[in-house]
Amino acid sequence: MTRILVTNDDGVDAPGIQALAEAMTEFGDVDIAAPAFNQSATGHKKTLYSTIPIEETQLANGMPALAVHGSPADCIALCAMGLRPFPPDLIVSGVNNGENLSQDITYSGTVTAALEGAIHGVPAVAFSLARRDAHDVEDYAEAVRIAKIVVAKVLNQALPPLTILNVNIPPGEAKGIRVTRQGIRIYRDALEHLEGAVRIVGDPPAGYFDELGTDLWAVHRGYASITPIHLDLTAHRYLAELSNWDW
Ligand code: MN
């Protein structure tokens, strides 16, 4: 029997994980381990210096779930260490409330949970919906439709080592699916000064939306974007030049 482990970064109560977990029951047995609270933009965090409370809980639809007071990557790592049957055939993360494109992926708990899966040798896919106003399970219907297409193919074809898929679904009905590369974001963060503190504010990130073949390009033209992401972060194209410095 196919076994699928589901996580996210918006937290175990988020509608996106419920929509995704329900969809995955079509493919096999589903385990859920997700952060107890919203862990968006926590990156690839490993909780080593404090205890990690865990609770057996349920999604709003009654599906049993493990709530982890840690990061999304912790959820996967703890399952790998024995909190859930491991390895599953596939790990899926999301569906995130908001896109995870280009440099977003290093901030994204949705994506880094999938990367943790790759570290443990399990095929993994991150799903994000490029709209911020998805409040109900029904709002994720189009994301779930795309997720089923992707999962069916990944279960049949597998993925190479240390490689995940980062899937972003546009708002509205997707015009199709495009395989893309990472684009380039332009962040517009600004500093707000408070009494003895500061806060990051500013407009949502922009980016080079016209760079053909990128994730930003695809999603902003109404296509679902699938970017293969590799955990080897070496700048291979720069290796030769760096070697030519007078070391
Ligand atoms: Mn999130």
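The figures here come from the full heavy-atom set of this structure, side chains too, leaving out hydrogens, waters and symmetry mates.
Here the side chains of Val12 and Phe37 are not in contact, with every heavy-atom distance at 4.5 Å or above. At a threshold of 4.5 Å between non-hydrogen side-chain atoms, the residues Leu155 and Asp89 count as touching. Leu5 places a side-chain heavy atom less than 4.5 Å from the side chain of Ile76. Side-chain atoms of Val154 and Leu165, non-hydrogen and from C-beta on, do get closer than 4.5 Å to each other. In this structure, the side chains of Ile105 and Asn166 come closer than 4.5 Å at one or more pairs of heavy atoms. No side-chain heavy atom of Asn96 sits under 4.5 Å from any side-chain heavy atom of Phe127. Side-chain contact check for Ile164 versus Val111: some heavy-atom pair is nearer than 4.5 Å. In this structure, Val95 and Ile17 have side chains that are not in contact, with every pair of non-hydrogen atoms separated by 4.5 Å or more.
Of the possible donor and acceptor atoms, none in the side chain of Trp217 sits under 3.5 Å from a partner among the backbone N and O of Gly183. Within the 3.5 Å criterion, the main-chain N or O of Pro204 finds a donor-acceptor partner in the side chain of Arg188. Within the 3.5 Å criterion, the main-chain N or O of Thr106 finds no donor-acceptor partner in the side chain of Ser108.
Applying the salt bridge (Lys or Arg N to Asp or Glu O under 4.0 Å) test to every pair with at least one member in residues 157-178, sequence neighbours left out, gives no pairs at all. Pairs of residues two or more places apart, or lying in two chains, that qualify as salt bridge (Lys or Arg N to Asp or Glu O under 4.0 Å) and include a residue from residues 146-166 are Glu26-Lys148. Sequence neighbours left out, the pairs with a member in residues 128-146 that pass side-chain hydrogen bond (donor to acceptor under 3.5 Å, both in side chains) are Asn100-Ser128, Arg131-Asp133, Glu142-Arg145. For the ring-ring contact (aromatic ring centres under 6.0 Å, His included) condition, the pairs that include at least one residue of residues 152-209, sequence neighbours left out, are Tyr107-Tyr187, Phe209-His220. For residues 56-84, every residue pair satisfying the side-chain hydrogen bond (donor to acceptor under 3.5 Å, both in side chains) rule, not counting sequence neighbours, is listed here: Glu22-Asn61, Thr47-Asp74, Glu55-His69, Glu56-Arg84, Ser71-Asp74. Residue pairs satisfying the salt bridge (Lys or Arg N to Asp or Glu O under 4.0 Å) criterion with at least one member in residues 91-103, sequence neighbours excluded, are listed as follows: Glu99-Arg185. Among residues at least two apart or in separate chains, salt bridge (Lys or Arg N to Asp or Glu O under 4.0 Å) pairs with a member in residues 3-19 are Arg3-Asp31. Pairs of residues two or more places apart, or lying in two chains, that qualify as side-chain hydrogen bond (donor to acceptor under 3.5 Å, both in side chains) and include a residue from residues 235-246 are Asp232-His236.
Using modelled atom types and a 3.5 Å distance limit, the side chains of Thr214 and Thr180 yield no donor-acceptor pair.
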Practice prompt. Could you walk me through whether Val122 and Phe86 pass side chain to side chain contact (heavy atoms under 4.5 Å, CB included), step by step?
Written response: CA-CA 9 Å; Val122 181; Phe86 207 90; 3.7 Å; yes
Practice prompt. Assess whether salt bridge (Lys or Arg N to Asp or Glu O under 4.0 Å) is satisfied between Arg221 and Asp210, documenting all intermediate values.
Written response: CA-CA 9 Å; Arg221 273 156 192 77; Asp210 295 331; 2.7 Å; yes
Item to complete: Before giving the answer on salt bridge (Lys or Arg N to Asp or Glu O under 4.0 Å), spell out for Glu116 and Lys46 the whole-Å C-alpha distance, their side-chain angles and the decisive distance to 0.1 Å.
Response: CA-CA 10 Å; Glu116 186 69 19; Lys46 179 178 268 188; 5.1 Å; no
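Linking Ile, Leu, Val, Met, Phe, Trp and Tyr residues whenever their side-chain heavy atoms come within less than 4.5 Å places Ile146 and Ile226 in a single cluster. Linking Ile, Leu, Val, Met, Phe, Trp and Tyr whenever their side-chain heavy atoms come within less than 4.5 Å puts Val150 and Val6 in one cluster. Under the 4.5 Å side-chain heavy-atom criterion for Ile, Leu, Val, Met, Phe, Trp and Tyr, Tyr223 and Val219 are members of distinct hydrophobic clusters.
Listed by chain and residue number, Asp215 satisfy the side chain to side chain donor-acceptor pair (under 3.5 Å) test with Ser102 (two or more places apart in sequence, or in another chain). Qualifying side-chain contact (heavy atoms from CB on, under 4.5 Å) partners for Ile54, counting only residues two or more places apart in sequence or in other chains: Leu66, Val68, Leu83. With sequence neighbours excluded, the residues satisfying side-chain contact (heavy atoms from CB on, under 4.5 Å) with Pro35 are Thr7, Asn8, Gln39, Pro72, Cys75. For the side chain to side chain donor-acceptor pair (under 3.5 Å) test, no residue two or more places apart in sequence or in another chain qualifies with Asp29.
The line from CG of Leu48 to CD1 of Ile52 is 8.0 Å long, rounded to the nearest 0.5 Å.
For Leu216 against Gly207, the heavy-atom pair with the smallest separation is CD1-CA, 4.0 Å.
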